[in-house]
Amino acid sequence: MRTISEIRDKFVEILRELMYEKGITKITFLASETGIPRTTISTWMSKKSVPQIDSLDKLANYFNVTTDFLLGREN
């Protein structure tokens, strides 16, 4: 079983990759596209917190991936 810090680190790695693939360079753009506050995304990216289920769902829908993928549970 993975620790919360391992899950968090993998999530940030995957989110950064998905943003790169979509050409997103600003957290503010992702925030406006998903409806997730910029400050919330910023705390994830700085590895100070992990997303809540509703935010994971919004990101999964936006990037057209599963929540399991975002958490590094599937390829």
Side-chain angles (χ1 to χ4, degrees):
M1 181 176 257
R2 297 183 302 160
T3 66
I4 191 71
S5 64
E6 290 170 331
I7 293 167
R8 181 196 59 225
D9 292 350
K10 187 66 174 177
F11 166 76
V12 171
E13 177 186 326
I14 290 167
L15 182 57
R16 285 186 176 150
E17 180 63 29
L18 290 170
M19 289 175 65
Y20 175 80
E21 288 174 5
K22 273 203 170 224
I24 299 170
T25 59
K26 304 270 186 205
I27 291 173
T28 52
F29 181 80
L30 182 60
S32 68
E33 290 289 297
T34 60
I36 300 169
R38 179 197 56 78
T39 54
T40 300
I41 298 170
S42 181
T43 61
W44 301 337
M45 300 302 271
S46 61
K47 300 181 181 181
K48 294 179 182 172
S49 72
V50 293
Q52 298 292 316
I53 292 170
D54 61 329
S55 295
L56 275 177
D57 188 55
K58 288 177 183 178
L59 290 172
N61 286 331
Y62 179 73
F63 288 110
N64 198 30
V65 296
T66 66
T67 54
D68 276 350
F69 180 82
L70 286 171
L71 296 173
R73 295 177 59 152
E74 64 181 45
N75 297 327

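Since the model is a prediction, treat every value here as computed from it, not as a measurement.
From Glu13, atom CD reaches atom CG of Leu18 across 10.5 Å, with rounding to the nearest 0.5 Å. Atoms CG and CD1, on Leu70 and Ile14 in that order, are 6.5 Å from each other to the nearest 0.5 Å. Atom CE of Met45 sits about 5.5 Å away from atom CD1 of Ile27, to the nearest 0.5 Å.
Within the 4.5 Å cutoff, side-chain heavy atoms of Arg16 are placed close to those of Val12. The shortest side-chain heavy-atom distance between Lys10 and Arg2 falls under the 4.5 Å cut-off. Between Phe11 and Val50 the shortest side-chain heavy-atom distance does not fall below 4.5 Å. Side chains of Ile36 and Leu59 form a contact here, defined as non-hydrogen atoms less than 4.5 Å apart. Residues Met19 and Phe63 meet the side-chain proximity criterion, which asks for heavy atoms closer than 4.5 Å.
Partners of Lys47 under the salt bridge (charged side-chain N to carboxylate O under 4.0 Å, His left out) rule, at least two apart in sequence or in another chain, are Asp9.
Nearest heavy atoms, Ala31 versus Pro37: CB-C, 4.1 Å. Across Thr3 and Glu6, no two heavy atoms sit closer than the pair N-OE1, 2.8 Å.
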Pair Leu56-Leu71, side-chain contact (heavy atoms from CB on, under 4.5 Å): steps then yes or no: CA-CA 9 Å; Leu56 275 177; Leu71 296 173; 4.0 Å; yes
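Listed by first then second residue, pairs satisfying side chain to side chain donor-acceptor pair (under 3.5 Å) with a partner in residues 35-45 read Thr43-Ser49, not counting sequence neighbours. For residues 51-69, the side chain to side chain donor-acceptor pair (under 3.5 Å) pairs, not counting sequence neighbours, are Thr66-Glu74.
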